[in-house]
Structure formats: C-alpha cells, structure tokens
K.L.:
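Pasting a structure here, questions to come.
Small disclaimer: the values here were computed from a predicted structure and weren't measured. Chain naming here is simple, since letters A, B, ... match the order of the sequence lines and numbering starts at 1 in each.
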Protein chains: 2
Amino acid sequence: MRKTVANTEILRLITESETTLSHADIKSLLPEGLCDRVTIYRVLDRLVEEGLIHKVVNIDGVVNYASCDGCTTKHHHNHVHFNCEKCNAVTCLDNVEPTFKLPEGYSVKEMNFVISGLCPNCN
Amino acid sequence: MRKTVANTEILRLITESETTLSHADIKSLLPEGLCDRVTIYRVLDRLVEEGLIHKVVNIDGVVNYASCDGCTTKHHHNHVHFNCEKCNAVTCLDNVEPTFKLPEGYSVKEMNFVISGLCPNCN
DNA sequence: AATTTTAATGCAATAGTGTTGCATTTACAA
DNA sequence: TTGTAAATGCAACACTATTGCATTAAAATT
Ligand SMILES: [Mn+2]
Ligand SMILES: [Mn+2]
Ligand SMILES: [Zn+2]
Ligand SMILES: [Zn+2]
C-alpha cells in the first residue's frame, strides 16, 4: 500500500477516535477537498484488507470503522459494540467477549455483535 | 391493525419460512403486483410494531425479518443469527443466547448478533 | 536524475435500500 | 348504510455504496 495523504489522514482519524467512524463521519472530519468520497471508500477497504482497521455494521445498517490492536492477516474482533441511542456513538467494548455455543456443523468466519441502548455518559 | 391481503400474505411468508426474509426476498416471493414495494416496507414496520416479527440487521447492512415466538409488547430476541456465506441464508439460532457482562453504566435496549461462516448444509 | 510501472485518484454514472408526501382507496366501526 | 381513520399506490427523494475509465502520482528501476 502506497503512502498517500488520504491513507495517512484517514487512518489517523480512526486511530485517534474514541468511537468508531462511519464513511460520513470521516468525510466531514477530513479537510474539505482533501480527497474524493470514492477515495475514502477505497482507502477504508484497503485499511481493512491490511488488518489495520475493522468493520462494524451498526443497527442502522451503516458500516463503521475502528482501529485494530493485534490484527495482521486475520481479524479477530469477537468483542461487543455499543450504539448509544442518545449520543449515537458506536464504540468497541474490546474486553466484552460474549460466550456462546453453536450447534454442531457451523464454522465461524466473522462476528458482528452490536448492542444498543444508553451509554454511561447518557445514562 | 386492519386485516389486508398484504398483511396476511407477508406475515404468512415470514412465518412459514425456515430462514429470515429481506424486503427483496418478500417482494420476489409475493405474487407479482399483489402490492407496492412501499406497502411491503410499511407492513413490515407494522408487524414489528405489533410484536409479530423481529428485525435482524445482516452483515451486509440489509434488514431481514423473522417471526417471533412470545413477543407481545416487548421484543426479546437476544439470540444469535447465522449468515451462511455460501447459501446466503440468515437464520435465527433461537436457543443460542450469548452471555456477556457489560461494564457499569450501560443500559440495554436491543441486541443484534450475527455470525457469518458456513452453515451445516454447506459445511 | 530520468524513466517506467502500476497503484491510487477523480469524476461521472449507476445500483440498492429505505423513506416521505399526498391523493385515493378500503377495512371496519358506528 | 354511512363515516372515519387506516392502508395503499405512486412519484419523488435521501443515503450508502459500487463501478468504469481516464488521469495522476508514488515508488521502483534504470
Ligand atoms: Mn470493534
Ligand atoms: Mn431472530
Ligand atoms: Zn451516549
Ligand atoms: Zn449455507
């Protein structure tokens, strides 16, 4: 992956953010005209590919992005995400990993766990 | 809720289906021209409202619908859903309820748990 | 430093999901 | 049978995301 302003800036935004960021969030956080909206989509795809960030599909169906800690070739984010109804923040609860037992015959690739409600700040 | 053809047929489709159904699924399963696409959306909203069906937001962000067993005023579907990468089916695993412990201060309204991978049929 | 390669970008067009406004129809209660 | 509100159809719109293609530019090669 080549080093470009878009790459650097988008990754920086996501890394420094307390919450996950959607494409729309990123677009409005980036300096006006730094790059095209399509470029943002492509950069995000690449960063996921590289194992630097991971996707979270929110309750509203919109994809949000968060930085990974130790992901390289494979993503392992089996943690819960929380979507606050009031402040709308989507956050990784990195150390909340649900336990469950699937019936025989299933093989797991990915997980997408989202809980909505009120976060500590809004509660 | 008034008894209409759209209501009856859409609820029947969802109830009789082994898997969850998306708006697109329902549209193509219903007899051509039975009702408008917007009506399908509105019927689905009403059925959710009435506690007859529940929503599942799939990994691709698309909403799927499944029948409820004992939901009346409140939905309580804290079970896992499985999305097969091969046959694309999204199914309720009604008796797989994950356990986890949220930090202090969070209050839970809804959950959306989706696991993707290969289902027993495709594995 | 100049050249080459090809990854990355911009822009326009397109697809898919879902919502809203408003006039009309219809289920059902009175 | 009549009146009323719920439900519908249709058109327009909003939003997220993708694709094709010509152009630009990062970085490897000479
Ligand atoms: Mn996460
Ligand atoms: Mn379910
Ligand atoms: Zn909040
Ligand atoms: Zn399958």
Side-chain angles (χ1 to χ4, degrees), chain A residues 1-14 19-66 81 83 88 90 110 112 114 116, chain B residues 1-14 19-66 81 83 88 90 110 112 114 116:
Chain A
M1 188 166 68
R2 295 182 176 175
K3 189 185 170 186
T4 67
V5 220
N7 279 335
T8 319
E9 291 307 290
I10 293 172
L11 180 58
R12 197 177 53 77
L13 278 180
I14 296 173
T19 66
T20 68
L21 297 177
S22 67
H23 174 274
D25 294 332
I26 293 168
K27 185 162 147 44
S28 64
L29 284 171
L30 283 178
E32 171 81 30
L34 181 131
C35 71
D36 193 71
R37 29 181 300 282
V38 179
T39 300
I40 301 179
Y41 281 116
R42 292 178 181 152
V43 168
L44 289 169
D45 283 348
R46 260 179 281 153
L47 293 173
V48 169
E49 195 77 17
E50 304 271 325
L52 297 172
I53 63 176
H54 67 276
K55 290 188 183 193
V56 185
V57 181
N58 197 8
I59 308 271
D60 59 8
V62 176
V63 179
N64 284 51
Y65 297 88
H81 300 91
N83 179 19
N88 288 115
V90 177
E110 289 179 60
N112 195 79
V114 181
S116 73
Chain B
M1 187 166 68
R2 293 182 174 175
K3 189 185 170 184
T4 67
V5 221
N7 279 335
T8 319
E9 291 306 291
I10 293 172
L11 180 57
R12 197 177 53 76
L13 277 181
I14 296 173
T19 67
T20 68
L21 297 176
S22 67
H23 174 274
D25 294 332
I26 293 167
K27 185 163 149 43
S28 64
L29 284 170
L30 284 178
E32 171 81 30
L34 182 133
C35 69
D36 193 70
R37 35 182 295 281
V38 179
T39 300
I40 300 178
Y41 281 116
R42 299 203 260 231
V43 168
L44 290 169
D45 283 347
R46 259 179 281 152
L47 293 174
V48 170
E49 194 77 18
E50 304 272 325
L52 297 172
I53 64 176
H54 68 275
K55 289 187 182 191
V56 186
V57 181
N58 196 8
I59 307 270
D60 59 9
V62 175
V63 179
N64 283 52
Y65 297 89
H81 301 90
N83 178 20
N88 287 116
V90 177
E110 288 178 61
N112 194 80
V114 181
S116 73

K.L.:
Would you mind reading off the distance between A:Asp25 atom CG and D:dC15 atom P, rounded to a whole angstrom?
P.N.:
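So the CG-P distance, A:Asp25 to D:dC15, works out to 14 Å.
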K.L.:
Write down the distance between CD1 (B:Ile40) and P (D:dC10), rounded to a whole number of angstrom.
P.N.:
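B:Ile40 atom CD1 is separated from D:dC10 atom P by 13 Å.
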K.L.:
With rounding to the nearest 0.5 angstrom, report the OH to CD1 distance, B:Tyr41 to B:Ile10.
P.N.:
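Going from the OH atom of B:Tyr41 to the CD1 atom of B:Ile10 covers 11.5 Å.
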K.L.:
State the OH-CG distance between B:Tyr65 and B:Leu13, to the nearest 0.5 angstrom.
P.N.:
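Separation between the atoms: 14.0 Å.
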K.L.:
Whole angstroms only, please: what is the NZ-P distance between A:Lys27 and D:dC15?
P.N.:
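These atoms are roughly 12 Å apart.
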K.L.:
Whole-Å distance between D:dA28 C1' and A:Met1 CE?
P.N.:
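Taking CE of A:Met1 and C1' of D:dA28, I get 18 Å after rounding.
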K.L.:
Just to be sure I understand the rule, does B:Val38 reach a base, reach only the sugar-phosphate, or reach nothing, if contact means heavy atoms closer than 4.0 Å?
P.N.:
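Contact class for B:Val38: base.
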K.L.:
Checking contacts here: which listed nucleotide (D:dA17, C:dA8, C:dG18) is nearest the side-chain heavy atoms of A:Arg37?
P.N.:
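For the A:Arg37 side chain, the nearest candidate turns out to be D:dA17.
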K.L.:
Is there, by distance only and without an angle test, a donor paired with an acceptor across the side chain of B:Arg42 and the base of D:dG9 below 3.5 Å?
P.N.:
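Side chain to base: pair found, below 3.5 Å.
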K.L.:
Is the closest side-chain donor-acceptor distance between B:Asp36 and B:Thr39 under 3.5 Å?
P.N.:
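Per modelled atom types, B:Asp36 and B:Thr39 side chains form no pair under 3.5 Å.
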K.L.:
Report the distance from atom CG of A:Asn7 to atom C1' of D:dA25, rounded to the nearest whole Å.
P.N.:
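Taking CG of A:Asn7 and C1' of D:dA25, I get 13 Å after rounding.
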K.L.:
Nearest whole angstrom, please: distance from the P of C:dA8 to the CG of A:Asp45.
P.N.:
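These atoms are roughly 12 Å apart.
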K.L.:
Just to confirm, is there a sub-4.0 Å distance from OP1 or OP2 of C:dT9 to any side-chain nitrogen or oxygen of A:Thr4?
P.N.:
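Answer is yes, contact under 4.0 Å.
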K.L.:
Heavy atoms only, 4.0 Å cut-off, all strands: where does A:Arg46 land among base, sugar-phosphate and nothing?
P.N.:
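The answer is sugar-phosphate, as A:Arg46 gets under 4.0 Å only of primed atoms, P, OP1 or OP2.
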K.L.:
What's the closest nucleotide to the side chain of A:Arg2 if the choices are D:dA25, C:dG10, C:dC28?
P.N.:
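Among D:dA25, C:dG10, C:dC28, the one nearest the side chain of A:Arg2 is D:dA25.
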K.L.:
Between B:Lys55 and B:Val5, name the one whose nearest nucleotide on DNA chain C is closer to the 5' end.
P.N.:
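It is B:Lys55 whose nearest nucleotide is closer to the 5' end.
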K.L.:
Between D:dA7 atom C1' and B:Glu9 atom CD, what is the distance in whole Å?
P.N.:
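That distance rounds to 16 Å.
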K.L.:
Could you please name the option among D:dG9, D:dA17, C:dT17 that lies closest to any side-chain atom of A:His23?
P.N.:
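Out of D:dG9, D:dA17, C:dT17, the nucleotide with an atom closest to A:His23's side chain is D:dA17.
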K.L.:
Between A:Ile10 (CD1) and C:dA8 (P), how many Å, whole number?
P.N.:
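One finds 13 Å between P of C:dA8 and CD1 of A:Ile10, rounded.
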K.L.:
Can you figure out which of D:dA7, D:dC10, D:dT8 approaches the side chain of B:Thr39 most closely?
P.N.:
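Selected nucleotide (nearest to the side chain): D:dT8.
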K.L.:
Charged N to carboxylate O under 4.0 angstrom, A:Arg46 versus A:Glu49?
P.N.:
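No, A:Arg46 and A:Glu49 are not salt-bridged.
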K.L.:
Could you check whether any side-chain heavy atom of B:Asn83 comes within less than 4.5 Å of a side-chain heavy atom of B:Val56, counting everything from C-beta outward?
P.N.:
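B:Asn83 vs B:Val56: side chains apart.
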K.L.:
Select from A:Lys3 and A:Gly61 the residue whose nearest nucleotide in DNA chain D is closer to the 5' end of that strand.
P.N.:
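So the residue in question is A:Gly61.
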